[in-house]
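Start at 1 and go down the list; that is how both ligands and their atoms are numbered. Please read these numbers as outputs of a predicted model, since none were measured by experiment.
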Amino acid sequence: MTDRLKDELLTLALEAARRAGALLRDSRPADLGVAATKTSAIDVVTEMDIASEKLITGYLSEARPDDGFLGEEGSSTAGSSGVRWVIDPIDGTVNYLYGLPAWAVSIAAEIDGETAVGVVEIPSRGETFRAVLGEGAYVGDRRLEARPAPSLEQALVGTGFGYVTERRAAQAEIVRNVLPRVRDIRRGGSAAIDLCDVACGRLDGYYERGLNPWDFAAGELIAREAGARTGGRPGESLSTELAVAASPGLFEPLQQLLDELGAWHD
Ligand code: IPD
Ligand code: CA
């Protein structure tokens, strides 16, 4: 994994995310929120999702035709270069639908299976988070540092919920038990932004069960490169089963609590 390759992938990811973010911001119909309960509004969001993913994969594959792709809207190719792009064309789709600001474009690049570059573009905040493996995490020109760990009781913890009813019921039970043990809970609606918020100290910790690789690939690298710890169940990597991210010192108590509560199963 050379520095030159990582730099090339970062430059491409930044430009692809910038273009997709601008497309989504500028092409979102103004009355989408008003029509939020109508199927047509949901269709528009699906169309925007697909348009964003097409823009990103088109731009990246023109520059690097042999790379693989994994995208939420169905892109799935192995490629032959050892590089695979993991893309969430809109993370925070429900927020986008309702006109709430917490939505993002998330693009990660894996080299030989390891996430080497992550970019999360948040148009409503005018912020672009980025990280390169071993080189730190930044928002704009500012190098990021996760917040020094408070005690679990003083921690502001983000979380999220899946779309399937049975899973949501289990997640509600977990959060019912976590809430009295922490300062407060936030449900922002974009896992990628939640992980960036851990990276920049706007959240002390974050957990969620059931994320897909495109939700967490870029954000996890950004959180880790900012000095936060990430993982799943104790001793395991962050995965679909369970995602935990927190400033060092808070990470273990939070992970332990989630394990005891059974946050890793439905
Ligand atoms: C969702 C968001 C949300 C999280 C869900 C994800 P989407 O992604 O990241 O915060 O709680 O688990 O599915 O559907 O908006 O791309
Ligand atoms: Ca997502």
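Grouping Ile, Leu, Val, Met, Phe, Trp and Tyr by side-chain contacts under 4.5 Å, direct or through others, leaves Tyr138 on its own.
Protein heavy atom nearest atom 1 (C) of ligand 1, with residue, atom name and distance: Asp91 OD1, 3.8 Å. At the top of the distance list for atom 14 (O) of ligand 1, counting protein heavy atoms only, stands Tyr163 OH, 2.6 Å. Of all protein heavy atoms, the one lying nearest to atom 12 (O) of ligand 1 is Glu208 OE2, 2.5 Å.
Using a 4.0 angstrom heavy-atom cutoff, Gly189 counts as in contact with ligand 1. Taking a 4.0 Å cut-off on heavy atoms, Ile90 registers as neighbouring ligand 1.
Distances between N or O atoms of Glu72 and those of ligand 1 include at least one value under 3.5 Å. Annotation: Ala192 places no N or O atom under 3.5 Å from an N or O atom of ligand 1; distance criterion only. In terms of N/O distances under 3.5 Å, ligand 1 is approached by Gly92.
Distances shorter than 3.0 Å separate the Ca ion (ligand 2) from the protein N/O/S atoms Asp88 OD2, Asp91 OD1, Asp215 OD1.
None of Leu5, Leu133, Thr2 except one satisfies the side chain to side chain contact (heavy atoms under 4.5 Å, CB included) rule with Ile111; the exception is Leu5.
For the pair Leu70 and Pro213, the minimum side-chain heavy-atom distance is below 4.5 Å.
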From CA spacing to verdict: side-chain hydrogen bond (donor to acceptor under 3.5 Å, both in side chains), Thr115, Glu110: CA-CA 4 Å; Thr115 307; Glu110 297 171 346; 4.5 Å; no
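No hydrogens or angles considered: nothing links the side chains of Thr159 and Glu208 as a donor-acceptor pair under 3.5 Å. For the residue pair Trp85/Asp67, the side-chain donor-acceptor check at 3.5 Å is satisfied. Asp204 and Ser247 form no side-chain donor-acceptor contact under 3.5 Å, judged by distance and modelled atom types alone.
Put simply, the side chain of Asp215 gets close to the backbone of Asn212: a donor and an acceptor are under 3.5 Å apart.
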